[in-house]
Amino acid sequence: MDLKQEIFAPDGSIFDTHAHYDDQCFDECRDELLTELSTHGVGYIINNATGLFTSAEKCLEMSRRFDFCYTAVGIHPELVETEGATVDEQRFCELIKQPKVVAVGEIGLDYYWSTDRKEQQKAVFRRQCELANEHSLPVIVHDREAHGDTLDILREIRPKGSVHCFSGSREMALELVKLGLFIGVGGVVTFKNARKLVEVVEAVPLESILLETDAPYLSPVPYRSKTCHSAYIYYTALKVAEIKNISVNEVLKITSDNAKRLFNIK
Ligand code: NI
């Protein structure tokens, strides 16, 4: 992994609220990369598990070994098939009691990849939102081509949390903000065709925005084809700063403060 690019973020100023360093593409370079990221402005990373077993274990291990790594545990909608149609609640409760587990995620609905399991996805998402409320944890929500149902469930169960890699409309974003939720903004905002997300960032107050990568996916321009990592958030922040007409350091500061507040991290 090449970190020699120009990143001028102040020390510890980057808070990546959504990453997947448990992904096997990092198996060869994980430790080296994480160590290096901490010297390139990255102060906080939340690894979002996609399942309650292998993925959660790998994320928790990073939390134990790296001060700046935290974990979200949950069942990703794409894994509803392999993890079962209901939540293994005993396992779930065991996991959320582990140190540095700060959220329930990545949970939600994905009608792009799996259209045939909508009811199962909804049931698993709904139950995980309820469990998050019971344990006073925020949720990190995945919503792909499922805006209506996602909004309905969030409105009904009212967890706190964020909708990661937000892809909905300006109206939906404002509706989520009204519910007290945060809008997760990643590298997509730097893409040429990102008009809709730019409108969202224009409309939503910075106090309701979180920055994220979704690493290893969705690297911002000018690294779009590369494997994504948390230091690239600098480029996402630059774009947000341009839209909001404020400095990039201010964007990093306010969005980091938002994340610390939401995830209860000092
Ligand atoms: Ni993700």
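Every number for a ligand or one of its atoms is a count from 1 in the order of the listing. Every value quoted in this text rests on a predicted model; they were computed, and no experiment measured them.
For His18, the nearest N, O or S atom to the Ni ion (ligand 1) falls under 2.8 Å. Put simply, Cys165 stays out of reach of the Ni ion (ligand 1), with no N, O or S atom under 2.8 Å from it.
For the 3.5 Å distance criterion, the side chains of Thr71 and Ser63 qualify, holding a donor opposite an acceptor. A side-chain donor-acceptor contact under 3.5 Å links His20 and Asp214.
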Show your reasoning for whether salt bridge (Lys or Arg N to Asp or Glu O under 4.0 Å) applies to Lys244 and Glu202. CA-CA 7 Å; Lys244 293 290 196 192; Glu202 273 166 4; over 6 Å; no
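Rounding to the nearest 10°, we obtain 170° for the angle at the Ni ion (ligand 1) between Glu106 OE1 and Asp214 OD1.
Taking the six-membered ring where the residue is Trp, Tyr21 and Phe26 present tilted rings, their angle falling between 30° and 60°.
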